[in-house]
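For reference, the structure discussed in these notes is given below.
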Amino acid sequence: MKINENYLELSDNYLFADIAKRVRTFKAEHPKVDVISLGIGDVTQPLVPAVLEALHKATDEMGVATTFRGYGPERGYDFLREAIVEHNFRARGIDIAADEIFVSDGTKSDTGNFQELLSADCVVAVTDPVYPVYVDSNVMAGRSIVTLPCTAENGFVPELPKEHVDVIYLCYPNNPTGTTLSHKELYQWVDYAIKNDALILYDAAYEAYIQSEKVPHSIYEVPGAKHCAVEFHSYSKTAGFTGVRCGYTIVPKKVSARDADGKVVSLNALWNRRQCTKFNGSSYLSQRAAEAIYTPEGKKQIKTTIDYYMENARIMREELAELGFKVYGGQDAPYLWVHTPNNMTSWKFFEWMLHSAHVVCTPGAGFGPSGEGYVRLTAFGTHENTEKALRRIANRL
Ligand code: PLP
């Protein structure tokens, strides 16, 4: 039995395991110290009441023969797909049809799996720093990867590739930098994709955190995107579904690729075929829970939670800037990208934060070479811990 050798090409991504190990060691040596994590990418606030109510109701339905649900429709229940069309797209003047939506168990699986539809010789471009799933899933498939550095020098806006690429992963608002692209910047990518017969895989997992009127919530706000872009959405950070699991992917019917003979193939049809074979849906409970965020109460309640996190982001941004740090992001995203002081490496600053301020951050170098010299802080903590962490940093400087 031989393995897929591509797996051996994966870099040892021990980032979060490495962080956890260093924190464990520190805590063992300093058992009385209370360590605060600003490194976590998981949410801390509970599900909102509208979601809980929907979950309870759906659970009761599952216990009665007449309302029990077994396997659901492959693309997701109509009630959820119609709510998505109405509230996430039509309300913004974007025309997406329900059969262009595929409900999933979250964005990690879909961004990781979508590449299966593409030929192994496709050249893939990713921004650097990057959410590692895009890179690793393509390395597993043996593809070559082009990186597009995003640094303070270019305002964290990736430049168009010099060589031809077939696929481009974009994630905005961005994890880890917390930065966004304007309509105009996004248009350049759509234009590139159309002119170069390329596909954009657009991860909009943090779309709900956008505060500014000007920042696009969806790539489909840009003319032409329905011909060249697939978009991924997640309820994880939108509504605290990291444990519930639900998301959705838009594969417009106009997005196509070619087979070896040059014949045009619809990616919507191919993704449907792939999902029908390998995926059995997000649970009825999760989909009813997701539907509840589109009710007037649900909308209000999830906004309160998002505002809670964004208040953390605002406090962090302002106080760190006042302390003299160069801080990016955190305005339309729950992530702050902080330049390390005195040219410290990401890991050196991580150690300083842990040992001096007893605060955990995420070393930027773990997200790619252009992340060196930065750390990522998240706004997903409680107000109390966020403020306490900032006081400690201020006191130790
Ligand atoms: N995409 C990005 C950019 C993320 O940062 C994350 C989670 O941290 C995900 C996707 C995963 O989302 P989900 O929980 O829906 O799988």
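All ligand and atom numbering here is 1-based and tracks the order in the structure. Hydrogens, waters and symmetry mates are skipped; everything else that's a heavy atom, side chains included, is used. This is a predicted model, so every value here is computed, not measured.
Closest protein heavy atom to atom 8 (O) of ligand 1: Lys237 NZ, 3.0 Å. Asp203 OD2, 3.4 Å is the protein heavy atom nearest to atom 2 (C) of ligand 1. Looking only at protein heavy atoms, the nearest one to atom 14 (O) of ligand 1 is Ser236 OG, 2.6 Å. In terms of protein heavy-atom proximity, atom 9 (C) of ligand 1 is closest to Tyr131 OH, 3.1 Å.
The Cys171 neighbourhood of ligand 1 comprises atoms 3 (C), with distances under 4.0 Å to a heavy atom of that residue. Within the listing of ligand 1, atoms 15 (O), 16 (O) sit less than 4.0 angstrom from a heavy atom of Gly106. Below 4.0 Å from some heavy atom of Ser234 lie the following atoms of ligand 1, by number and element: 12 (O), 13 (P), 15 (O).
In this structure, Gly41 has no heavy atom closer than 4.0 Å to ligand 1.
Remark: side-chain polar atoms of Arg143 are paired, donor with acceptor, to backbone N or O of Leu118 under 3.5 angstrom. For the pair Asn312 (side chain) and Gly381 (backbone), a donor-acceptor distance under 3.5 Å is present. The backbone N or O of Leu148 sits nowhere less than 3.5 Å from a side-chain atom of Thr127 that would complete a donor-acceptor pair. In this structure, Asn88 contributes its side chain and Ile84 its backbone to no donor-acceptor pair below 3.5 Å.
Distances between N or O atoms of Ser109 and those of ligand 1 include no value under 3.5 Å. Considering backbone and side-chain N/O atoms, Tyr335 never comes within less than 3.5 Å of an N/O atom of ligand 1. Distances between N or O atoms of Asp105 and those of ligand 1 include no value under 3.5 Å.
With respect to Glu311 and Arg314, a salt bridge is recorded, a charged nitrogen being found less than 4.0 Å from a carboxylate O.
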Exercise. Run the side chain to side chain donor-acceptor pair (under 3.5 Å) check on Thr242 and Asp42 step by step: do they pass?
Worked result: CA-CA 7 Å; Thr242 49; Asp42 201 352; 2.8 Å; yes

For this session: Any chance you could lay out the ring pair (Phe, Tyr, Trp, His ring centres under 6.0 Å) test for Tyr335 and Tyr206, step after step, and finish with the verdict?
Result: CA-CA 10 Å; Tyr335 295 117; Tyr206 297 98; 5.1 Å; yes

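The cationic atom of Arg288 (NZ for Lys, CZ for Arg) lies less than 6.0 Å from the six-membered ring centre of Phe79 and within 45° of the ring axis.
Between atom 4 (C) of ligand 1 and the options Tyr169, Tyr206, Tyr134, the minimum heavy-atom separation is to Tyr206.
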